[in-house]
Every structure is written in structure tokens, then in C-alpha cells.
Amino acid sequence: MYYSKLLIPTLKESPADAEVISHKLMVRAGMIRQLAAGIYSVLPLGLRVLKKVENIIRDEMNRIGGQEVFLPSIQPAELWQESKRWDFYGKELLRIKDRHDRDFCYGPTHEEVITDIVRKEVKSYRQLPQILYQIQTKFRDEVRPRFGIMRGREFIMKDAYSFHADEEDTKKTYEQMAQAYANVFTRCGLKFKQVQADSGTIGGSFSHEFAVLADSGEDEIGFCDECGYASNIELAESRPVSSTTPADGEDKLNEVHTPGKKSVEEVSEFLGIPDKQIVKTILLENENGLVAGLVRGDHEINTVKLKNFIGCEWLLPASEKTIEEKLGLPCGYIGPVELDIPVYADQALFTLQNFVTGANKADTHFTGVQVQRDLKVREFGDFRSILPGDPCPKCKNGIYQVKRGIEVGHIFILGTKYSEAMKALYLDSNGKENLMIMGCYGIGVGRTAAASVEQNHDEKGMVWPLNLAPFSVVIIPVNFKKEDLKNTCESIYNQLLEMGIEVLLDDRPDRLGVKLKDADLIGIPLQIIVGPKNLEEGNIEIKIRKTQESQLHPFPQAIKDIPNILKDL
RNA sequence: CGGGAUGUAGCGCAGCCUGGUAGCGCACUUGCUUCGGGAGUAAGGGGUCGGAGGUUCAAAUCCUCUCAUCCCGACCA
């Protein structure tokens, strides 16, 4: 392509509302423009990158037997009512009415639609398994969209769904998907981790996410370098604690006056005891009422783990209002002693004794509290979030590290959640009806591109890996008005095209500096700079974007080497 | 949804406190010069000051409402 024919509106300054580097650079490079909060237009250069990502995904999906389909973005409410998600999904589901006042939604995901197709068209075990995927725009009405294309409300997503006759087969496809995902992100040039994850509102039993490590990520990933165990912090297991508590030196339960001291920090300072000797009582609410979670003062409760343990539909921190209304207790002084709701205690309490808790009375705490003597704990378990430096749960010597990650892919085994709700059945070889077992597998296309920028940039701009770069090579004439330079550039351009290389010729009348700055900003891997002095001596300059290394090469011979240079990038 | 902030030319901003009819840098157009890392110069085009209402002789500026966008949190994945 000729640069002058493309709309690449680059900017010298970043827009004021961009926070993360990928957002700033993609706007500056003229790849995206915001239309409304969390809604972006993708301009030609940006689309070239997204198509690269999509095509890598297509290739890997097709390789494991995926079949591409195109599904409606507007979906009827009936389908969502059938799966019970019409009520469950909440405000994130953008609901719309048509002219007949019928309810529809803009699809945030497509389990319902795909299950509807398969239940109608697939009847026999002979037709299973089926792996179907789509690459389309979805819409989730996020409370707070941010970070440009990384967390928009409208976004492009690849979603694959698989249908199986049995769990073993589902598992097999799940593993193939995991491998395909690893291939995709490797080909995209990303440093990523496959981590254990919670399945959230999508549902299902088994799930991993693919996280690109980056400081701007919204997920926290706990991992062990010794054995490779990695998990979203929501799920990251603590090493089990043995339940033996030495019974020596028991103190008496003692009430102390702690005026105005509510937080662990305040109480610890006031009483002059370490925060590890304090037990926090967190009141949570679910569909069945209030429950209490106990964790050590230096730990944080993990509501995802507790929710999964209890097996409830939802679990949220109770508001101060609810606590005062339902229990009549003052916030900040709540404790587990004589507390008349189910109490779930983190296993770290096994080894604690003579600790401090709230006394369920304003300005008062208990000291000398003992688990066995003073508390009625319904269950002990792993209910806290791990911390960096905690011992790895899977190996002897490993230590947890915690880093931030961008969730670019997520795979789930759904089981029969949707096939049951929507009656997706097949006949087995005995002529008996069975529920199909399902899996679903998503990749955020735009997010993957943005994650790549987060990982590959410098102060001059983006540094695209070859596989995602909008063009592989940019030819930069020092002066395109000079006939001989122009001819040389066009000849290089045509030769590279012949070789099947995606090449951009910067034919703009601008000065060299402008063209070099833009080339650096948009991050094309290889720059060929053609100037009169070098050309007179039979040379052209080839510069590698990533390293900024520049070398003179004999012209025209060097053109033949370009594919090799690209290969080595 | 709670807290905070901002809306003035395509982009980045000043002006607002102390009302007097809109400005700077970049970008854009034209001429001349320049031409290997975001050129210099001269001339120019472009703004219902987010919107509505109010106060006033007079509102970008003061008041009220509203909309939009961003940040922090909660939420979501």
C-alpha cells in the first residue's frame, strides 16, 4: 500500500482520557477512535492488526476441527429466559425492544444461540462431537469500561463451543483447545500463563484462563516458579494447614475497651499485638441470608473461594445497613463469639490461639479467644487470598509470586448447564436420550492486540511482532519527489510485493523526520530507508524497529535478503 | 451504583476566581525558502465556549438543572 492512500491519522500528543499505554499508542497511531464510552471505531491500520489476530485464531481453531459460523448479535429474550440468564445476567446484558415491543438483547456471549442450533440439528451420538466457533462483535454493558480497546463494552471476541457425548471426549477437546490457545498466543508473540480460573457467570465446573503478564492487567495471578502451578488469585489455593493446635498456655476470654478502634491496624496498634493475633470477621450475604467469614488479621477473605465452598448462587459483602438491621451489631466490632449465623473459618485459624476479635459491642474487643473453646465454627477451609511469599500448595519448596495479568482467553467445561436448561439431547447407541456435555472457549481479539502493545512498546511507539504487524516492511524515501529515489523505492516495493511481503511505501511529501517518527510510532518491524547519498554508493539502509539497529546493505542485492531478515526478527 | 474531576477549533490546553463579545501550541490551506530524525517564514480557514434555563445593559466567566467523558471504589470476566 501507498501511505498517502491510507487513513492513518497519527497524533503527536496522547488524548487526555487515555490511561494505559496501549490505549494511548493505538489512538496516537491512528488505529482506533472512540465513539462513546467503551465503544470504538477501528481505522484501517488497526483493522489490519485485528485481522492478523483473527486469522491466527482461525488457523488454530480449524486445525483442531473447529467450524466457523456466523451468529446473530441480536438475540430474542425467550432463549435467555430458557437458560435462566435473562434474570441472572443483570445490567450488563443490553436489553432492547423491537417495534412490536418484544424483548431482545445484544449478545454478550452466545451459549444460548449455539445450543439452540445444536439441539435442533444434532440428534445422534454419530454427529458428535461438534466444535463450532464464531468471531464477532459482542456487547457487555460494563459498569466502567476503560483502557481503550482492552475493556470496551463493544468488543470482538472469538467464541468456540463444543458438544460431546461424554465427559472424556469433552476433556479431550478441552485439552486440545488449551494447546490451540497456547499456540495462538505464542504466535501473537505474547508472554502468557495458563492459569486456573473461576468460571463466574458463564458457569461450569472446570476452567482456565490465559493471562498476558502486564502491570496494567486487571487480574492478579499467583504462580510458583518451582513447579509451574499458576492460578488466578480468586482461586489460588493455600497450602493446607494441619488442624493440630497446641493447647498450652490458654488465656481467659477477656473483654477490653477499644474506643474508636475498628480496623485491624488500629486495634493492633492500640493493644500492642501483631496483626496475626487478630481475627477479622467479615459478614457476607447470599441468597440464604448472612454468613460470617473468619480470617487472620494479615489475610484477606476470598469471597470466590468461600462462595464455591458453600455452593451458593452469589456471595457479597453485607452492607453496614444490613448488618445493623439484621443483627443489630456495630460495624468494626463484630466477632465470632456467640455469633448466631453460620461461621466459616479460614484454616489459618487452626494454629492460632489467644487471639483478638470484636466483641459484638461498640468500642469493645475480646482478647484470649480460643477456637475450640469460644467459637462455633461450621466449617474450616481455604477461604483467604494467597499472598506473595506464601508456600506453594503443589510443591515442597515453591513460593508464590503474584503478578498482574490481562485475561486474553478463557476456556470452560460447561458440563450440562445449558444442555439441561435448553434440552440439548442426543440418542446414544442404545437409542437412549442423553444430555450433551458442553465446553466453551473465548478469546478477546482486541484485547489480545492491546495486550501485545502493553508488552511490546518503547518510548517511540509500538513494536509489533511480525505476526501481528499491520505491515512487515515500510519503505521510507528521504525525498519522494526526486525521480531516481522514487523509482528505486517503487522497484523495491514491487519486488517485495512479488515476494508476498506486506509492504507500505511512504510516498508522502513530508520531510524524512516525519516519516521516521510515524514509522516508529506505528511499529512496523522493518524500515528500509532510501537516501541519495547511500544510493549513489549502491546502498540502502535497513533498520530494525525493535532494536533501532540500522545497517547499510548493497542495493539491489539486499532486497533478496529481506525475507531472511524478517524471519530472524 | 457511591466518591472525585473535566467539557473552550481535529488534538493538547489557557482564559472563568475579579462578567465587557475568544486565545496559544500542534494539525489544516496557500506562497517562498528548506530537505537524512516531528523545518523556517508570511498570509489564511476553522469555535452554537457540551446543552437548557436563569441573573445582568452585557455571560465562556455567576446561579440552577441536564447531558457527556474520565479517574478512584464497588461490580463484572
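Proteins get letters first, then strands, A, B, ... in listed order; numbering begins at 1 in each. Just so it is clear, the values below take in all heavy atoms, side chains as well, and ignore hydrogens, waters and symmetry mates.
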Chemist: With a 3.5 angstrom cut-off on both distances, give the Watson-Crick or G-U wobble partner of B:C17, or none if there isn't one.
Modeler: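 Paired with B:C17, as far as the under-3.5 Å criterion goes, is no nucleotide at all.
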Chemist: Can you check the A:Ile522 CD1 to B:G38 C1' distance for me, whole Å?
Modeler: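 Distance check: A:Ile522 CD1 to B:G38 C1' gives 14 Å.
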Chemist: Is there a donor and acceptor pair, one atom on the side chain of A:Arg153 and one on the base of B:C76, closer than 3.5 Å?
Modeler: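 No.
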Chemist: Quick one: side-chain contact (heavy atoms from CB on, under 4.5 Å) partners of A:Asn302, sequence neighbours excluded?
Modeler: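 Testing A:Asn302 for side-chain contact (heavy atoms from CB on, under 4.5 Å), a comparison that skips the adjacent residues, returns A:Val304, A:Lys305, A:Ser385.
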Chemist: Identify, with sequence neighbours excluded, every residue that meets salt bridge (charged side-chain N to carboxylate O under 4.0 Å, His left out) alongside A:Arg151.
Modeler: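 Partners of A:Arg151 by the salt bridge (charged side-chain N to carboxylate O under 4.0 Å, His left out) criterion, ordered by chain and then number, come out as A:Glu142, A:Glu218.
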Chemist: Is there a Watson-Crick or G-U wobble partner for B:G10 with both distances under 3.5 Å, and if so, which one is it?
Modeler: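 Pair assignment: B:G10 / B:C26.
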Chemist: Return the set of residues passing salt bridge (charged side-chain N to carboxylate O under 4.0 Å, His left out) with A:Arg33 (not counting sequence neighbours), or none when no residue passes.
Modeler: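 Expected list: none.
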Chemist: Restricting to pairs with a member in residues 35-50 of chain A, which pass salt bridge (Lys or Arg N to Asp or Glu O under 4.0 Å), not counting sequence neighbours?
Modeler: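 Listed once each, the pairs are A:Arg48-A:Glu502.
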Chemist: When all nucleic acid strands are considered with a 4.0 Å heavy-atom cut-off, which category describes A:Pro9: base, sugar-phosphate, or nothing?
Modeler: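 Contact class for A:Pro9: none.
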Chemist: Determine the contact category for A:Glu19: base if any of its heavy atoms lies under 4.0 Å from a base atom, sugar-phosphate if only primed atoms, P, OP1 or OP2 are that close, otherwise nothing.
Modeler: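 Sugar-phosphate contact only - A:Glu19 comes under 4.0 Å of backbone atoms but never of a base.
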Chemist: For A:Asp215, what residues pass the salt bridge (charged side-chain N to carboxylate O under 4.0 Å, His left out) criterion, not counting sequence neighbours?
Modeler: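 A:Asp215 satisfies salt bridge (charged side-chain N to carboxylate O under 4.0 Å, His left out) with no residue once adjacent residues are dropped.
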Chemist: For A:Glu234, which contact category applies under a 4.0 Å heavy-atom criterion: base, sugar-phosphate, or nothing?
Modeler: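 Base: the residue A:Glu234, judged by heavy atoms under 4.0 Å, touches a nucleobase.
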Chemist: Show each protein N/O and nucleotides 6-12 of chain B N/O combination with a separation under 3.5 Å, one pair to a line.
Modeler:
residue	atom	partner	partner atom	Å
B:G12	OP1	A:Ala16	N	3.0
B:G12	O2'	A:Glu13	OE2	3.2

Chemist: Under 4.0 Å, heavy atoms only, any strand: does A:Lys138 hit a base, just the sugar-phosphate, or nothing?
Modeler: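 Answer is nothing: A:Lys138 stays at 4.0 Å or more from every strand.
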Chemist: Partner lookup for B:U64, please. Criteria are Watson-Crick or G-U wobble with both distances under 3.5 angstrom; report none if nothing qualifies.
Modeler: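 When the pairing criteria are applied, B:A52 turns out to be the nucleotide that pairs with B:U64.
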Chemist: Determine whether the aromatic ring centres of residues A:Phe309 and A:Phe383 are separated by less than 6.0 angstrom.
Modeler: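 Yes: the rings meet the under 6.0 Å criterion.
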Chemist: N/O contacts under 3.5 Å, protein versus nucleotides 39-46 of chain B?
Modeler:
residue	atom	partner	partner atom	Å
B:A39	OP2	A:Arg511	NE	3.3
B:A39	N9	A:Arg511	NH1	3.3

Chemist: With sugar-phosphate meaning primed atoms plus P, OP1 and OP2, does A:Gln34 contact a base, only sugar-phosphate, or nothing at under 4.0 Å between heavy atoms?
Modeler: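 The answer is sugar-phosphate, as A:Gln34 gets under 4.0 Å only of primed atoms, P, OP1 or OP2.
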Chemist: Are A:Lys84 and A:Tyr89 in a cation-pi setup, meaning NZ or CZ lies under 6.0 angstrom from the ring centre and within 45 degrees of the ring axis?
Modeler: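 Cation-pi check for A:Lys84 and A:Tyr89: fails.
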Chemist: Any strand is fair game: report the nucleotide pairing with B:A39 by Watson-Crick or G-U wobble, both distances under 3.5 Å, or none.
Modeler: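 Partner of B:A39: B:U33.
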Chemist: Kindly say if A:Lys12 contacts the phosphate of B:A27, meaning a side-chain N or O under 4.0 Å from OP1 or OP2.
Modeler: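 So the side-chain polar atoms of A:Lys12 do come within 4.0 Å of the phosphate oxygens OP1 or OP2 of B:A27, strictly under.
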Chemist: Please evaluate the base of B:G73 for a donor-acceptor partner in the side chain of A:Arg146 within a cut-off of under 3.5 Å?
Modeler: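 Answer no: no donor N or O sits under 3.5 Å from an acceptor.
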Chemist: Can you tell me, in whole Å, how much space there is between the P of B:C70 and that of B:C11?
Modeler: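 Approximately 14 Å lies between the P atom of B:C70 and that of B:C11.
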Chemist: Who does B:A74 pair with, Watson-Crick or G-U, both distances under 3.5 Å?
Modeler: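 Paired with no nucleotide.
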Chemist: Sorted by first residue and then second, give each salt bridge (Lys or Arg N to Asp or Glu O under 4.0 Å) pair with at least one member in residues 450-462 of chain A; sequence neighbours left out.
Modeler: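 Qualifying pairs: A:Asp458-A:Arg545.
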Chemist: Counting any heavy atom closer than 4.0 Å, what does A:Glu407 reach on the DNA or RNA strands: base, sugar-phosphate only, or nothing?
Modeler: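 Since a base atom lies under 4.0 Å of A:Glu407, the category is base.
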Chemist: State whether A:Arg144 places a side-chain N or O below 4.0 Å from either non-bridging phosphate oxygen (OP1 or OP2) of B:C71.
Modeler: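 Affirmative; the distance criterion is met.
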Chemist: Is there, by distance only and without an angle test, a donor paired with an acceptor across the side chain of A:Asp510 and the base of B:G38 below 3.5 Å?
Modeler: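 Between B:G38 and A:Asp510, which were checked side chain against base, a qualifying N/O pair under 3.5 Å is absent.
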Chemist: Could you pull out all residues at least two apart from A:Asp507 that satisfy salt bridge (charged side-chain N to carboxylate O under 4.0 Å, His left out)?
Modeler: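 For A:Asp507, no residue satisfies salt bridge (charged side-chain N to carboxylate O under 4.0 Å, His left out) once neighbours in sequence are set aside.
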Chemist: Please report, rounded to the nearest Å, how far the P atom of B:C26 is from the CZ atom of A:Arg28.
Modeler: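 My rounded result for the distance is 16 Å.
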Chemist: Against the six-membered ring of A:Phe139, is A:Arg153 placed for a cation-pi contact (under 6.0 Å from the centre, within 45° of the normal)?
Modeler: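 Pair A:Arg153/A:Phe139 does not count as cation-pi.
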Chemist: In the structure shown, which nucleotide is the Watson-Crick or G-U wobble counterpart of B:U69, with both distances under 3.5 Å?
Modeler: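 Looking at the geometry, B:U69 pairs with B:A5.
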Chemist: Measuring only the C1' atom in each nucleotide, how far is B:U29 from B:C67? A whole number of Å is fine.
Modeler: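 Those two atoms are separated by 35 Å.
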Chemist: Using a cut-off of less than 4.0 Å, is there contact between a side-chain N or O of A:Gln548 and OP1 or OP2 of B:G37?
Modeler: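 Looking at the OP1 and OP2 atoms of B:G37, neither is under 4.0 Å from any side-chain N or O of A:Gln548.
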